[in-house]
Amino acid sequence: MGEIIEKFISGFCRSGNCTKTVCCEYERQSDGRLVLKESDCDFEGCPNSASCLIRKEALVP
C-alpha cells in the first residue's frame, strides 16, 4: 500500500443545489501517479456526474 493523500474540493453540487466540500483520498502509486481511492461523494451514482466540476477536479489530482 502506498502513501495516502487527502484533498478537499469545494464546489457547487447540482444534485443538492448547494455548495459542497468533498474529501478525496488518493493513493500514490510506485510510478508517482495519484489514484483516487475514496471520496465522500457518490460520483458514480449521481445523475449529474457527467457535468460535475467537483468530480472533474477529483479525477485529476
Using side-chain heavy atoms (C-beta onward) and a distance below 4.5 Å, is C52 in contact with R14?
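No, side chains not in contact.
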Does some side-chain heavy atom of K20 sit less than 4.5 Å from a side-chain heavy atom of C41?
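Result yes, sub-4.5 Å side-chain heavy-atom pair found.
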So which residues get pulled into I54's cluster when ILVMFWY side chains under 4.5 Å apart are joined, directly or through others?
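Noted: I54 shares its cluster with I5, I9, V22, Y26, L34, L36, F43, L59.
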From [X] [atom1] over to [Y] [atom2], what is the distance, rounded to the nearest 0.5 angstrom?
X	Y	atom1	atom2	value
C18	F12	SG	CZ	7.0 Å
S10	E57	OG	CD	8.5 Å
E25	E38	CD	CD	5.0 Å

Which pair of heavy atoms, one from D40 and one from C23, lies closest together, and at what distance?
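Looks like OD1-N, 2.9 Å.
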Take K37 and E27 through the salt bridge (Lys or Arg N to Asp or Glu O under 4.0 Å) test and state the conclusion after the steps.
CA-CA 7 Å; K37 290 297 182 179; E27 183 176 2; 3.8 Å; yes
